[in-house]
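All values derive from a computational prediction rather than experimental measurement. The first residue of the sequence shown is numbered 1, and numbering continues consecutively from there.
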Amino acid sequence: MLLAAPRGYCAGVDRAVQTVERLLDLQDSPVYVRKQIVHNKHVVEELEQRGAIFVEEETEVPEGETVVFSAHGVAPSVYRNAERRALHTVDATCPLVTKVHVEARKFAADGYTIVLIGHEGHEEVEGTTGEASENIVLVETEADAERLEVADPDKVAYITQTTLAVGETQGIIDKLRERFPNIVGPKTDDICYATQNRQDAVRQLAPRCDLVLVIGSRNSSNSNRLVEVAKEHGARSHLIDNETEVRDDWLDGVETVGITSGASAPEELVQRLVEFFRERGAEDVSELEVSQEDVRFMMPREVRRAQSASA
């Protein structure tokens, strides 16, 4: 077995999950969470067992209660709805997603048509689009970029969803630059450091493995991208929620299994998968470290205030 490093939780996911955990410890009243706090079935189920109440929309939260907004970010209209219901809001949006929201507002204020590269229906895309819906057009593929028509070809900007595949996204950006030579973009890359690092690790892992298993939930964008990257670099690959989903026929003729996990998957699930293979006779477990991460994000101010008050 060969384990990719880095893997698993990124700083934004760790911050979001800890936000809910600490609120559950700090207050007696219910803690509601709009959408999944992060896209991982195991994490959501554990938080539910601790008492968190997950809802689809903020309008489902009783007036005056506490609601946490997920790591993926929300549109301004969500804040307005929450204010009308006198909800106590706690924003667990990943700071790197917030950066994209700020870019959207800036480009819109400057009169640009904003090309948002991302996946339709993803919560992050919905939240970002809500910042400047009249200015934003969604592009998912190079073909979309090729067909794109805008009011002023000299006044175009692009931003991206943070969890995309780096190579695929660069191809779309290159196509946009070909179509609109004066296009402008963010000062620094929107694809988050953790997404890049996990993809880089899989690029080096995959050629050394017959099979790469990616731990992550089906609705996790960055986990799905890891499967794609593994396949592109020569390994068969499958996305699994946990070790119970491993199929015997996947293992036929396999000598080396590579293991990684998406940015919203806890390390506990990786260790359960490693134990699964050890019980079946696997002995050699090593780690392929491509980079180290030391990024940390401060807790939301509402959590810090609550902690100070309880001290």
Side-chain angles (χ1 to χ4, degrees), residues 1-14 38-43 96 119 160-171 189 191-295:
M1 278 180 287
L2 193 56
L3 308 184
R7 61 181 178 271
Y9 271 13
C10 63
V13 164
D14 190 44
V38 297
H39 284 160
N40 186 270
K41 178 181 176 183
H42 176 82
V43 171
L96 300 180
H119 297 298
T160 77
Q161 183 180 329
T162 63
T163 55
L164 301 178
V166 177
E168 180 184 4
T169 305
Q170 189 58 53
D189 197 352
I191 295 178
C192 87
Y193 77 94
T195 295
Q196 293 179 0
N197 289 347
R198 281 148 189 72
Q199 290 176 17
D200 289 344
V202 169
R203 285 189 189 93
Q204 294 193 36
L205 181 81
R208 309 181 187 197
C209 302
D210 305 299
L211 173 69
V212 172
L213 295 176
V214 179
I215 299 175
S217 292
R218 300 294 183 271
N219 60 340
S220 168
S221 175
N222 75 86
S223 299
N224 279 287
R225 303 294 82 74
L226 292 176
V227 173
E228 293 171 2
V229 171
K231 290 178 177 177
E232 288 168 2
H233 288 79
R236 290 186 287 121
S237 185
H238 298 282
L239 180 67
I240 59 173
D241 265 312
N242 55 53
E243 77 284 356
T244 66
E245 296 183 355
V246 178
R247 288 170 39 181
D248 290 340
D249 58 293
W250 294 349
L251 307 179
D252 290 344
V254 171
E255 292 186 6
T256 304
V257 176
I259 297 173
T260 189
S261 51
S264 50
E267 178 64 13
E268 170 194 347
L269 298 180
V270 173
Q271 295 309 316
R272 279 169 45 180
L273 183 60
V274 169
E275 186 60 29
F276 169 88
F277 282 112
R278 279 187 169 138
E279 289 175 354
R280 284 153 182 77
E283 297 178 357
D284 184 17
V285 181
S286 57
E287 190 168 73
L288 176 64
E289 184 176 79
V290 174
S291 60
Q292 294 184 338
E293 295 176 348
D294 57 4
V295 178

* Asked: In terms of side-chain geometry, is the basic nitrogen of R203 or E232 positioned less than 4.0 Å from the acidic oxygen of its partner?
  -> no

* Side chain proximity check, V43 to S264, heavy atoms < 4.5 angstrom -> no

* Start with the C-alpha gap between N222 and H39, add the side-chain angles, then the distance that decides, and say whether side chain to side chain contact (heavy atoms under 4.5 Å, CB included) holds. => CA-CA 10 Å; N222 75 86; H39 284 160; over 6 Å; no

* Could you tell me whether the side chain of D200 reaches within less than 4.5 Å of the side chain of Q204, counting heavy atoms only? => no

* Asked: For I215 and A265, which heavy atoms make the closest approach, and how far apart are they?
  -> O-CB, 3.6 Å

* Evaluate the side-chain proximity of R280 to L251: yes if any heavy-atom separation is below 4.5 Å, no if none is. => no

* To do: Hey, could you give me the NE2/CD1 distance between H238 and I240, rounded to the nearest 0.5 Å?
  => 9.5 Å

* N40/V13 under side chain to side chain contact (heavy atoms under 4.5 Å, CB included): CA gap, chis, key distance, verdict -> CA-CA 10 Å; N40 186 270; V13 164; over 6 Å; no

* Asked: Considering only heavy atoms from C-beta outward, does the side chain of T256 approach that of R208 to under 4.5 Å?
  -> no

* **Expected output: side-chain D210 to main-chain E255 donor-acceptor under 3.5 Å** => yes

* Identify the two heavy atoms, one from A201 and one from L288, that lie closest to each other, and give their separation to 0.1 Å. => O-CD2, 4.3 Å

* Over all heavy atoms of both residues, which pair between I191 and Q161 is shortest? Give the atoms and the distance, please. => CG1-O, 4.0 Å

* To do: Looking only at non-hydrogen atoms, find the nearest pair between R198 and Y9 and report the distance.
  => NH2-O, 3.1 Å

* Sole candidate of S223, S221, C10, S220 that passes side-chain contact (heavy atoms from CB on, under 4.5 Å) when paired with T163 -> S221

* Structure fact -> All heavy atoms of P266 vs all of H42, minimum pair found to be CG-CD2, 3.7 Å

* E168 side, atom CD; Q170 side, atom CD - distance, nearest 0.5 Å -> 12.0 Å

* To do: Before accepting this row, confirm whether a basic side-chain N of the pair R225/E228 lies closer than 4.0 Å to the acidic partner's carboxylate O.
  => yes

* Asked: Can the positive tip of R272 be found less than 6.0 Å from the middle of the six-membered ring of F276, inside 45° of the ring normal?
  -> no

* Rounded distance (nearest 0.5 Å) linking atom CD of Q292 with atom CG of N197 -> 11.0 Å

* **Side-chain touch Q199/L226, heavy atoms, less than 4.5 angstrom** => yes

* Side-chain H-bond candidate by donor/acceptor type, S217 with N219, under 3.5 Å -> no

* To do: Step by step, work out the side chain to side chain contact (heavy atoms under 4.5 Å, CB included) result for D241 and R218.
  => CA-CA 8 Å; D241 265 312; R218 300 294 183 271; 4.2 Å; yes

* L239 side, atom CG; N224 side, atom CG - distance, nearest 0.5 Å -> 5.5 Å

* If we only count heavy atoms from C-beta on, is the V274 to M1 side-chain gap below 4.5 Å? -> yes

* Asked: Can you tell me how far the CZ atom of R236 sits from the CG atom of L213, to the nearest 0.5 Å?
  -> 9.5 Å

* Residue pair R7 / E267, side-chain heavy-atom distance below 4.5 Å -> yes

* To do: Would you check if E279 and E243 make a side-chain contact, meaning some heavy-atom pair closer than 4.5 Å?
  => no

* To do: Nearest 0.5 Å please: distance from the CG atom of L2 over to the CG atom of L205.
  => 5.0 Å

* Structure fact -> Closest non-hydrogen contact found for L96 with T162 is O-CG2, 3.9 Å

